[in-house]
*Asks:* 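Sharing a structure below in structure tokens format, with a few things to ask.
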Amino acid sequence: MKLTEKYRKMLFGLYPPRSFANGNFHKISAFSNVGVVETSDGLVIFDISSRINGSKVFNSLREITDKPIKYIIFSHGHYDHCFGYGPLIEEIKENKWEMPQIIAHENTVTRFEKYRMLDKYNNWVHDQQFGSVIGKNKQYNSAQEILNPTILLRGNENYTFKCGEYKFELYHDKGETDDHIWMFVPEEKVLFTGDFIISCFPNVGNPYKVQRYPKDWAHALDKMREKKPEYMVPGQGPLIEGREKIEEILTITAEALHFVHDEVVKRMNEGKWFEQIYHEMLDIFPEKYNHEILAQVYGCYRFAIHAVYRLYHGWYNTGNPTDLFPAKKSEIANEFLKICGEKECLIRATNLFEEGKLQLALHILDVIINATNRLNTEILLKAYELKIRILLQKEEKESSFIASNIFLNEVNRLKLKVSNLSK
Ligand SMILES: [Zn+2]
């Protein structure tokens, strides 16, 4: 419950539909944002949200306008941007209207193929990331059924089309994904960013997700800024109005991405390994990025450091050959317990906890928890209970929704173990 409250606004997109510019432009919020442009020839829709939000999007759209849809653009293939098409397509079929053109980057098609191959795995990842808030196994993001694109942007090509009185400029850049498209309507200087901007720190180093592209992302934001937009519809969050405000947001977000990228790269060139880079990066975090638009409520700076390192580096990331072909953690833990015993470990972990050294306390507790030839179930139970307390304390202070979920998921798993062990 607490988590829901903490992230309520971000997760459920509690922003009412907004009309703007000359009244022909609309933003509908349904977790992610849906952009709508009314033209004399019909509607151009930028993103259609997720499957569970399809009805909400449809109802909001039909309160605004009854015009038929001519184009749907997928900003990228994530489940919350292109799976909410159900009611829109039903309406088209009922009215025997012509099907709209569906525009996407060619990598979106590859992405859907990958999603089909990894259907069960993706559901598991989704549960890890959102499970403690919106429940599990809801098949939110299955790509077994999708709306197939009819117009594809290939490679780095851009695409421009006219619909009614407006020209629509589509640009492909890598950023959160390799299939991202952003849209600009020059007549009214309206920018639709997709997830390049999500009203918080870029989700560039998501711990569960495949590689993302911090430098390309920053360049894309630089390109958007050159358009001098007057209105900006981000992937999530409220409509942003005014050239100066938009310029400020695009600039500081791009700067933060350039910063984390360039500083990690500099340290890689200095021959440093991940641990050193990570802790040095934490020490040099610039105060100016404690900015409202870079609130670390979803993606965060700590994850971004990983993203840059992983972009250019293999999986061997410690420089210590011990880690190349490691023994099982349980075997290592068994050996440590032979040296100092589980009781001593628990006492030390408790002391560290009381001193506020939560992370160190977790490492010591894991020696007890990972060991397999324990003699004392009571101490294991206490180790579980202390780990639960520590994770809850960490979650309390945690700004990132993704990190919060990781802590809370483990709390739930440990509570189950405690209950099984107490029987
Ligand atoms: Zn996305």
Side-chain angles (χ1 to χ4, degrees), residues 7 10-13 27-35 45-54 57 72-85 102-112 114-115 118 121-123 125-130 133-134 140-143 146-147 149 153 170-183 191-214 216-218 220-221 224 232-237 253 257 293-300 303-304 307 311 400-402 405:
Y7 298 104
M10 179 190 81
L11 277 173
F12 299 106
K27 180 183 89 71
I28 297 167
S29 297
F31 182 73
S32 57
N33 287 327
V34 177
I45 311 276
F46 188 83
D47 280 342
I48 49 173
S49 191
S50 60
R51 200 157 274 140
I52 47 166
N53 281 309
V57 170
I72 294 173
I73 297 122
F74 292 160
S75 68
H76 61 303
H78 278 164
Y79 83 100
D80 55 331
H81 293 262
C82 41
F83 290 0
Y85 56 85
I102 314 297
I103 308 178
H105 189 267
E106 62 179 341
N107 289 347
T108 300
V109 177
T110 318
R111 173 177 299 277
F112 289 153
K114 185 181 73 176
Y115 284 171
L118 289 166
Y121 169 74
N122 282 337
N123 274 330
V125 167
H126 191 267
D127 284 349
Q128 301 307 304
Q129 193 164 313
F130 298 103
V133 177
I134 51 180
Y140 292 134
N141 57 344
S142 171
I146 49 144
L147 194 55
L153 275 70
L170 302 183
Y171 298 93
H172 163 63
D173 278 292
K174 289 198 284 188
E176 193 196 46
T177 60
D178 62 0
D179 62 342
H180 230 109
I181 289 174
W182 53 277
M183 181 168 87
L191 171 67
F192 299 83
T193 67
D195 280 351
F196 281 107
I197 294 284
I198 54 168
S199 306
C200 60
F201 197 93
N203 187 12
V204 65
N206 187 318
Y208 288 113
K209 300 293 174 74
V210 294
Q211 184 63 54
R212 295 172 172 188
Y213 306 93
D216 300 276
W217 195 324
L221 299 175
M224 290 178 198
M232 179 161 76
V233 178
Q236 279 179 308
T253 310
L257 285 165
I293 200 66
L294 294 176
Q296 299 185 42
V297 293
Y298 196 63
C300 63
F303 294 165
L311 181 60
S400 161
F401 166 77
I402 297 170
N405 251 291

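Quick caveat: nothing in here was measured; it's all calculated off a predicted structure. Numbering of ligands and ligand atoms starts at 1, following listing order.
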*Asks:* Could you check whether the rings of H105 and H172 sit parallel, tilted or perpendicular, using 30° and 60° as the cut-offs?
*Replies:* parallel

*Asks:* Does F196 form a side-chain contact (heavy atoms from CB on, under 4.5 Å) with E176? I'd like the steps, not just the answer.
*Replies:* CA-CA 7 Å; F196 281 107; E176 193 196 46; over 6 Å; no

*Asks:* Which N, O or S atom name in D195 marks its closest approach to the Zn ion (ligand 1)?
*Replies:*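 Of the nitrogen, oxygen and sulfur atoms in D195, the Zn ion (ligand 1) lies nearest to OD2.
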
*Asks:* Among the N/O/S atoms of H78, select the one at the shortest distance from the Zn ion (ligand 1) and name it.
*Replies:* ND1

*Asks:* From the N, O or S atoms in E176, identify the one nearest to the Zn ion (ligand 1).
*Replies:* OE1

*Asks:* Can you tell me if D173 uses its side chain to pair, donor with acceptor, with the backbone of H180 under 3.5 Å?
*Replies:*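 Pair absent, no side-chain N/O of D173 close to backbone of H180.
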
*Asks:* Assert yes or no for the condition that the ring centre distance of Y79 to H126 is strictly below 6.0 Å.
*Replies:*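 For Y79 and H126, the ring centres are under 6.0 Å apart.
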
